[in-house]
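To start, the structure under review is shown below, and the notes come after it.
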Amino acid sequence: MLEIYNTLSRKKEPFKTIEPGKVSLYVCGMTVYDYCHVGHARVMVVFDTVVRYLRASDYDVTYVRNITDIDDKIIARANENGESITALTERCIGYMNEDSDALGVIRPDREPKATEHIEQIVTMINRLIEKDHAYAANGDVYYKVNSFEHYGKLSGKNIEDLRSGERVAIDEAKNDPLDFVLWKAAKPNEPGWDSPWGVGRPGWHIECSAMSTCELGNNFDIHGGGQDLQFPHHENEIAQSEGATGEHFANYWMHNGFVRVDDEKMSKSLGNFFTIRDVLKRYPAEVIRYFILTSQYRSPLNYSDDHLDNAKSALTRLYTALRGIKANEVADGGEYEQRFRTAMDDDFNTPVALSVLFDLTRELNANRNDQNKAAELAGILKRLSNILGLLANDPEQFLRGEAEQGDASLSTEQVQKYIEQRILARQQKDWEESDRLRDLLTEQGIILEDNAEGTSWRRK
RNA sequence: GGCUGAAUGGCAGAGUGGUGAUGUAGCGGCCUGCAAAGCCGUGUACCCCGGUUCGAUUCCGGGUUCAGCCUCCA
């Protein structure tokens, strides 16, 4: 039985869906004005893995991840670049898709955009005004935080605490500093949409309330996102959605931990971020995915080359085991699968799930000579790995990688040529020449492995 | 200041009231012409101080340190 840690209760809870066999999942996605960084990669990979596992557990999942394509930063960046907002956001959505495809992330079923839901947003704001949860002032509309009884239930804050914090900027238009904006009047030269309160644009929080309820209904199963969205974004979403619909909003709230650099949160404002595409220049995409899965999704994840190197070695071990073995299609992974599922049922414990893969790998390596058994074990390994979105590549392709862009590295053909020369030398027991050739290749980052069938190679 | 959460072996990272995580690195052995890969073996790890208990890394209390949120952020 699957248990999910619910931020609302701060406990693991048995997962019960609203409709039997069906899961509705909404995840807060990207604000598109730049390249995605490794922090974004984590959200994408984590929830992709959640979806894969739910599907592998026979749930019919509807996965919605929104795209924020209108906001202050987008407007500012478009102005800086001297391009239209749409040009900027479309370009960045393209980058995002490239990055997520590389990471083996299956596209969400729906990716609603804020700008395509203005009507629903306006409707929701209207309803909030009707219910006296919101008020208009000078073309803006604000949410009346005080009017929502359960405000703070997600983040564990209460209104008193928030007041004593008082770091909230003072804004004359607001009746109360805690109130937040639902609709923002457009300043001159800013884009906007017509509304009952004049030309303007939606506040950040309202789009997710409108889009999630519109796509999945007033009450749905899981709402996810990064930990930093817990407050105020998700807290405000609850206030808006439950205020407007009068129904319970999301049942389970899942928040993934941060990616850190030197024990500090990776973030745009700190400027300590690495974009996915930069990292992809130095490591295979699957290594990044593996690295993300080495820690449980709620834990912090320290980004460093050492850790990526480690991930690469580990993944190499898995692929090495699969090399040269024809995997059977298996419908059930037996005991290994049970252990794997027990781990994943425990709030998606991917580190333990991975450890099952390594136990399996050890048995596979020890039984390479027994063709049937090896094929069976390889089949299980592939089956379970695929649930995590791993080991989908051809082993040789992963191990040999691609020749670096730099001229220095040898092409596959060149490597083969040296290997053939070395085979001749070895046949003549010319160990000196044989070792010379091997050293030469080692210097080029090519590692040779002699075995019964001949010589295989991989890139370091 | 308020509110979260975390501290595990060289590094990473699970977990548990009393025997094995797992990966990586190291060491020894087997295999190999030698290697590599693989297999086997190998680690007095659980922040500190109290308490509960026959027994605590695991439960409780206190402390220390670290991170996050309270302002845009996945």
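Because the structure is a prediction, the values reported are computed rather than measured. Throughout, protein chains are lettered first and strands after them, A, B, ... in sequence-line order, and every chain is numbered starting at 1.
- In this structure, A:Asp435 pairs ionically with A:Arg438, as a charged nitrogen and a carboxylate oxygen lie closer than 4.0 Å.
- A:Ser434 comes within 4.0 angstrom of a base, heavy atoms only.
- When heavy atoms are screened at a 4.0 angstrom cut-off, A:Asp359 is found touching the sugar-phosphate backbone but no base atom.
- In the displayed structure, A:Asn189 atom CG is contacted under 6.0 Å by at most 12 heavy atoms of other residues, nucleotides or ligands.
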Just the atom pairs and distances: protein N or O near nucleotides 24-26 of chain B's N or O, under 3.5 Å.
{"residue": "B:U24", "atom": "O4'", "partner": "A:Asn310", "partner atom": "OD1", "Å": "3.4"}

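- Under the 30°/60° scheme for interplanar angles, the aromatic rings of A:Phe220 and A:Phe249 are found to stand perpendicular.
- Taking the P atom of each, B:U58 and B:C72 are spaced 39 Å apart, rounded to whole Å.
- Remark: side-chain polar atoms of A:Arg65 are not paired, donor with acceptor, to backbone N or O of A:Pro108 under 3.5 angstrom.
- Applying the 4.0 Å criterion to OP1 and OP2 of B:A6, one finds that A:Arg298 has every side-chain N and O outside that range.
- As judged by a 4.0 angstrom heavy-atom cut-off over every strand, A:Asn158 is placed among residues making no nucleic acid contact.
- Whole-Å rounding puts the A:Arg163 CZ to B:G1 C1' distance at 17 Å.
- Salt bridge annotation for A:Arg436-A:Glu433: present, with a cationic side-chain nitrogen under 4.0 angstrom from a carboxylate oxygen.
- Of the residues near RNA chain B, A:Val356 and A:Ser299, the one whose nearest nucleotide (by heavy atom distance) lies more toward the 5' end is A:Ser299.
- Considering A:Tyr252, A:Tyr26, A:Tyr63 as possible partners of A:His223, the one that fulfils the ring pair (Phe, Tyr, Trp, His ring centres under 6.0 Å) test is A:Tyr26.
- For A:Trp204, taking side-chain heavy atoms from C-beta onward, the closest of the listed nucleotides B:C73, B:C72, B:C39 is B:C73.
- Among the protein residues, A:Ile447 comes within range of the sugar-phosphate backbone only, with heavy atoms under 4.0 Å from sugar or phosphate atoms but none that close to a base.
- Heavy atoms of A:Thr442 sit nowhere under 4.0 angstrom from any nucleic acid atom.
- The list of salt bridge (charged side-chain N to carboxylate O under 4.0 Å, His left out) pairs with a residue in residues 380-399 of chain A, not counting sequence neighbours, reads A:Arg323-A:Glu396, A:Glu337-A:Arg383, A:Glu396-A:Arg400.
- Looking at residues 420-431 of chain A, you'll see A:Arg422, A:Arg426, A:Trp431 sit with a heavy atom under 4.0 Å from some atom of RNA chain B.
- Under the ring-ring contact (aromatic ring centres under 6.0 Å, His included) criterion, A:Phe398 pairs with A:Tyr319, not counting sequence neighbours.
- Comparing B:C3, B:C34, B:A37 against the side chain of A:Asp161 picks out B:C3 as the nearest.
- Residues from residues 252-279 of chain A that place a heavy atom under 4.0 Å from any atom of RNA chain B, listed by number: A:Asn256, A:Gly257, A:Phe258, A:Val259, A:Arg260, A:Asp263, A:Glu264, A:Lys265, A:Met266, A:Ser267, A:Ser269.
- One atom, CG of A:Asn365, and another, P of B:G23, lie 11 Å apart when rounded to the nearest Å.
- Straight-line distance between the C1' atoms of B:A7 and B:G26: roughly 25 Å, to the nearest whole Å.
- On the P atoms, B:C47 is 13 Å away from B:G10, given to the nearest whole Å.
- Across all strands, A:Arg458 comes closer than 4.0 Å only to sugar-phosphate atoms, never to a base (heavy-atom distances).
- Taking 4.0 angstrom as the limit, A:Trp457 places none of its side-chain polar atoms (N or O) nearer than this to OP1 or OP2 of B:A37.
- Across all strands, A:Glu449 comes closer than 4.0 Å to base atoms (heavy-atom distances).
- The distance between atom CG of A:Leu381 and atom P of B:U22, rounded to the nearest whole Å, is 17 Å.
- A sub-4.0 Å separation between OP1 or OP2 of B:G23 and a side-chain N or O of A:Thr361 is absent.
- Counting only heavy atoms from C-beta on, A:Val352 has its side chain closest to B:A21 among B:A21, B:A74, B:A37.
- Taking atom P in both B:A6 and B:C59, the straight-line distance is 10 Å, to the nearest Å.
- Taking the nucleotide of RNA chain B with the nearest heavy atom to each of A:Tyr5 and A:Val43, the more 5' of the two is matched to A:Tyr5.
- Candidate nucleotides B:A35, B:A74, B:G23 were compared by shortest atom distance to the side chain of A:Thr31, and B:A74 ranks first.
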**Item:** Dot-bracket notation for RNA chain B, counting Watson-Crick and G-U pairs under 3.5 Å, with | for partners on another strand
**Value:** (((((((..(((.....[...))).(((((.......)))))....(((((..]....))))))))))))....
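- Between A:Lys144 and A:Asp176, no side-chain nitrogen of the basic residue sits less than 4.0 Å from a carboxylate oxygen of the acidic one, so the salt-bridge criterion is not met.
- At a threshold of 4.0 angstrom between heavy atoms, the contacts of A:His37 include nucleobase atoms, whether or not backbone atoms are also involved.
- Note on A:Gly39: a base of the nucleic acid sits closer than 4.0 angstrom, heavy atoms only.
- For A:Asp450, the listed nucleotide lying nearest its side chain is B:G33; candidates were B:G33, B:A74, B:G13.
- How far CD of A:Glu207 is from CD1 of A:Ile67: 10.5 Å, rounded to the nearest 0.5 Å.
- Side-chain atoms of A:Asn66 never come within 3.5 Å of backbone atoms of A:Ala114 as a donor-acceptor pair (strictly under, hydrogens ignored).
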